[in-house]
Number of protein chains: 2
Amino acid sequence: MNQKIFVSAKEVADRAGVSRSAVSRTFTPGASVSEETRRRVMEAAEALGYHVNHLARGLMRNESGLVCLIVSEMDTPYRSSLIRAISHQLQSVSKVAMLINTDRSDKSVDDALRLAISYRADASIILSGMPDRSITDLCMKSGQRLVLINRDEEREGALMINLHDREAARRALIAFQRAGCSRLAFANSDVGTPSLMAREEGFVEAADDAGIDVVVERFGPTRYQSGVVLAQRLLTREARPEAIFCANDLLACGVLDTARHQFKLAVPEELCVIGFDDIEQSSWSSYELTTFAQPVDLIAKEAVAWLTHPAPADGTASRIRADLIWRGSVRGG
Amino acid sequence: MNQKIFVSAKEVADRAGVSRSAVSRTFTPGASVSEETRRRVMEAAEALGYHVNHLARGLMRNESGLVCLIVSEMDTPYRSSLIRAISHQLQSVSKVAMLINTDRSDKSVDDALRLAISYRADASIILSGMPDRSITDLCMKSGQRLVLINRDEEREGALMINLHDREAARRALIAFQRAGCSRLAFANSDVGTPSLMAREEGFVEAADDAGIDVVVERFGPTRYQSGVVLAQRLLTREARPEAIFCANDLLACGVLDTARHQFKLAVPEELCVIGFDDIEQSSWSSYELTTFAQPVDLIAKEAVAWLTHPAPADGTASRIRADLIWRGSVRGG
DNA sequence: TTGTATGCGTTATCAG
DNA sequence: CTGATAACGCATACAA
């Protein structure tokens with residue numbers, strides 16, 4: 001069944017009439033080989049269909065070229081675009097992404113991290129959940145780098161990339177105020193992800209400061225269908241909100257659809273909505289959603305740069321600003 | 001920088017007071033170890049933070065546990081849900097997905113496949129593009145299994161998973177006929193992916209058989225924005241189509257939005273639309289798109305089952321039926 | 001059941 | 001610039 005048939009450096013060396021070291025050097029960037037031997041090696045390698053065994057190379061160098069991406073609900077628009085951006089960046093520095101699905105449990109994140117260690121991954125990037133401190137310590141001790149995206153929690157030696165969620169929430173409030181909205185609401189899922197909570201808290205605080213009340217509603221996973229439920233709850237209140245800030249775009253789409261189709265509300269005339277992420281659907285003409293853009297390419301670039309570049313201090317935190325994209329779901333853009 | 005600090009089987013053996021073979025056996029499912037030694041080994045391993053080195057193990061067994069996913073535009077709804085399903089299935093059989101981004105060029109697919117060989121991936125699953133025959137031959141010769149999804153092209157020894165695209169297209173025609181539509185159109189991208197072309201050809205053929213004319217329009221990548229352009233072209237024709245079958249849901253969403261918002265057409269009263277894939281957005285209340293469902297979980301299951309199970313004949317082809325999901329974009333569901 | 005010895009394909013070291 | 005040799009961490013055939 002499993003025919004071995006992998007051609008090794010020795011075979012190439014024999015055919016080319018050189019030592020196996022010469023073969024190794026030919027495929028090691030920046031090694032010194034004469035033009036002549038390189039040519040002969042390449043020729044033999046081509047003929048035999050030789051490919052460097054990255055497993056063996058990784059074993060020697062203690063560096064596999066693998067980077068572990070740990071993520072749940074990866075078929076969600078924002079997540080998948082972040083994955084695309086990161087894997088693309090990784091490839092540009094000759095690394096490759098290992099993709100690991102988790103459910104929401106922190107234990108599954110721990111398992112993923114263990115797997116990363118088993119494969120001697122050069123690094124792990126966590127997009128969902130939060131591993132136990134004992135595991136992250138193990139990662140650091142193993143010389144494995146760690147990047148936490150939107151986790152908003154400290155981990156010794158790891159790179160933390162976060163957005164200015166609270167500050168963005170303040171700007172959302174200002175936008176609503178300028179639109180003349182006074183009855184405000186915040187629509188959130190009930191999963192309690194740090195970045196989602198930061199948006200909620202930032203919005204409520206900002207409203208507090210301005211002496212405005214905010215109705216906060218939380219429900220279900222962070223998905224479209226939850227947005228539907230949230231809208232039903234919010235829009236049936238006696239004092240119907242004039243503006244809803246949603247924890248992310250998926251919720252906002254559900255809210256918008258429900259407001260328009262079920263409650264026959266005109267947006268933005270009767271209801272203003274702001275989301276977060278700027279997923280592709282937000283720009284579709286059924287939504288025209290005003291939202292904060294997550295700069296996924298920038299996030300990916302920062303993450304990968306930190307992985308390859310010797311770290312400045314070792315662990316670092318990065319805060320990125322989310323730009324407000326004005327579309328039609330808020331008056332007076 | 002790169003502290004070595006990976007604990008090896010030898011260290012565990014020393015601490016447990018056994019030979020390193022005992023350690024190896026403890027972590028090899030189905031090896032014979034006494035309960036006593038197993039316990040002591042596990043204890044030592046736990047204490048030291050030992051993890052089997054999958055690189056070394058893969059080197060020995062010539063089998064890495066890695067499966068390469070080759071895909072372009074992976075942040076697209078259908079693609080990302082397929083990736084989720086596959087990676088999930090892989091994890092359930094203790095394999096892990098290596099994710100490789102390609103652009104549309106076949107050369108980038110070749111490169112991805114070479115990388116898979118370098119990592120001694122157990123298999124490669126191709127979701128986009130088509131590699132050169134010389135490369136696929138190399139894969140087979142290297143004992144690397146190959147799965148082609150929706151590629152609709154033969155490759156010796158590979159598993160090909162396809163849908164009944166042509167047959168589905170026939171059913172789309174019937175649905176339109178039952179809705180009383182006579183002026184028909186097909187909206188396609190211009191990338192010429194086999195499965196997309198099969199849907200187009202199947203639809204045109206079925207219409208031919210029924211003596212009906214079909215306007216075919218092709219434009220751009222297979223994305224929402226292309227749907228917008230396609231709708232503009234189709235809906236400004238003298239004889240405006242009453243029904244449009246779109247090569248996939250993303251195009252259909254663009255068509256629907258444009259028909260409604262720009263041309264003020266009522267769906268399904270003045271225009272019927274059918275898509276393909278059943279992405280999540282199709283069920284959103286702004287679309288209510290009637291569409292053919294790609295059974296991603298089934299596809300993933302078949303692919304992974306074939307990878308783990310000794311192949312029936314070696315290479316195989318699988319055709320899966322796409323169910324029509326009736327929603328509001330066609331009259332008389 | 002256990003330990004010993006050997007080999008997997010590389011790269012790094014060092015002598016030439 | 002080149003070639004021999006020693007690791008790397010593990011699995012396994014073989015002997016005990």
Side-chain angles (χ1 to χ4, degrees), chain A residues 2-42 44-45 48-66 117-122 142-143, chain B residues 2-42 44-45 48-66 117-122 142-143:
Chain A
N2 237 5
Q3 295 97 323
K4 53 177 175 74
I5 342 185
F6 277 109
V7 31
S8 74
K10 177 168 173 34
E11 305 176 50
V12 176
D14 288 350
R15 186 185 232 264
V18 297
S19 74
R20 65 182 105 195
S21 316
V23 178
S24 175
R25 277 190 277 262
T26 301
F27 289 96
T28 300
S32 59
V33 201
S34 78
E35 210 41 62
E36 169 60 8
T37 44
R38 150 170 260 110
R39 195 187 53 70
R40 287 170 58 186
V41 168
M42 289 305 274
L48 264 42
Y50 169 75
H51 290 81
V52 176
N53 187 331
H54 278 52
L55 264 34
R57 170 180 283 182
L59 185 58
M60 270 302 301
R61 296 198 182 154
N62 228 346
E63 178 179 317
S64 61
L66 263 29
I117 292 179
S118 289
Y119 275 102
R120 300 304 188 256
D122 299 342
S142 309
Chain B
N2 238 6
Q3 295 96 322
K4 53 179 174 79
I5 345 185
F6 277 109
V7 30
S8 74
K10 176 167 174 37
E11 304 175 50
V12 177
D14 289 349
R15 185 184 231 263
V18 298
S19 75
R20 65 182 105 195
S21 327
V23 178
S24 177
R25 278 190 274 261
T26 300
F27 288 97
T28 300
S32 58
V33 200
S34 77
E35 210 40 64
E36 168 61 8
T37 45
R38 151 170 259 110
R39 194 187 54 70
R40 289 169 57 186
V41 168
M42 289 306 273
L48 265 41
Y50 170 75
H51 290 80
V52 176
N53 186 331
H54 277 51
L55 263 34
R57 168 178 283 183
L59 186 57
M60 270 300 303
R61 297 195 180 157
N62 230 345
E63 178 179 317
S64 61
L66 264 27
I117 292 179
S118 289
Y119 274 101
R120 299 303 188 256
D122 299 341
S142 308

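Chain letters run A, B, ... following the sequence lines, proteins first, then strands; residues in each count from 1.
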- Would you give the length of the straight line joining atom NE2 of A:H54 to atom CG of B:L55, rounded to the nearest 0.5 angstrom? 10.5 Å
- Message: For B:S34, give me all partners under side-chain hydrogen bond (donor to acceptor under 3.5 Å, both in side chains), at least two apart in sequence or on another chain.
- Response: B:T37
- Message: Using a heavy-atom cut-off of 4.0 Å across all strands, would you classify B:H54 as base, sugar-phosphate, or nothing?
- Response: nothing
- Query: What heavy-atom pair brings A:R40 and A:G17 nearest, and what distance separates the two atoms?
  - Reply: NH2-O, 3.8 Å
- Item | Nearest heavy-atom neighbours spanning A:L48 and A:V7 | O-CG1, 3.4 Å
- Query: Does B:E36 have any salt bridge (Lys or Arg N to Asp or Glu O under 4.0 Å) partners at least two apart in sequence or in another chain, and if so, which?
  - Reply: B:R39
- Message: Please give me every residue in residues 33-41 of chain B whose heavy atoms get under 4.0 Å of an atom in DNA chain C, ordered by residue number.
- Response: B:V33, B:S34, B:T37
- Sequence neighbours excluded - salt bridge (charged side-chain N to carboxylate O under 4.0 Å, His left out) pairs with any residue from residues 13-22 of chain B: B:K10-B:D14
- Task: Mind listing the closest non-hydrogen atom pair of A:G65 and A:D122 along with its distance?
- Result: N-OD2, 2.9 Å
- Query: Taking any atom under 4.0 angstrom from a heavy atom of chain A, which nucleotides of DNA chain D are the first and last to qualify, 5' to 3'?
  - Reply: D:dC1 to D:dG9
- Query: If you pin B:M60 and B:R20 to their nearest nucleotides in DNA chain C, which one's is more 5'?
  - Reply: B:R20
- Message: Let's go through A:F27 and A:M42 carefully: what are the C-alpha distance in whole Å and the side-chain angles of both, what is the deciding distance for side chain to side chain contact (heavy atoms under 4.5 Å, CB included) to 0.1 Å, and is it a yes or a no?
- Response: CA-CA 9 Å; A:F27 289 96; A:M42 289 305 274; 4.0 Å; yes
- Message: Quick check: on DNA chain D, is the nucleotide nearest A:S19 upstream (toward 5') of the one nearest B:K10, or the reverse? Name the residue that is more 5'.
- Response: A:S19
- Task: Would you name the heavy atoms of A:V12 and A:V41 that are closest together and state the gap between them?
- Result: CG1-O, 3.9 Å
- Message: Can you list everything that forms a side-chain contact (heavy atoms from CB on, under 4.5 Å) with B:I117? Sequence neighbours excluded, please.
- Response: A:F6, A:H51, B:R120, B:L138, B:C139, B:S142, B:Q144
- Task: Work out which heavy atom in B:A16 is nearest to a heavy atom in B:A44; give both atom names and the distance.
- Result: CB-CB, 3.9 Å
- Note on the structure: Contacts of B:S19 meeting side-chain contact (heavy atoms from CB on, under 4.5 Å) (sequence neighbours excluded), chain-then-number -> B:S21, B:A22
- Sequence neighbours left out, what passes side-chain hydrogen bond (donor to acceptor under 3.5 Å, both in side chains) with A:T28? Give chain and number order. none
- Of the non-hydrogen atoms in B:A56 and A:L59, which two are nearest, and what is the gap between them? CB-CD1, 3.8 Å
- Item | Residues that A:M60 engages under side-chain contact (heavy atoms from CB on, under 4.5 Å), provided they are two or more places apart | none
- First and last nucleotide of DNA chain C touching chain B, 5' to 3', heavy-atom cut-off 4.0 Å? C:dT1 to C:dG9
- Please list, by residue number, the residues of residues 21-30 of chain A whose heavy atoms come closer than 4.0 Å to an atom of DNA chain D; answer none if no residue qualifies. A:S21, A:A22, A:R25
- Item | Axial bend angle, the helix from C:dT1-D:dA16 to C:dG16-D:dC1: five-pair end segments, nearest 10° | 30°
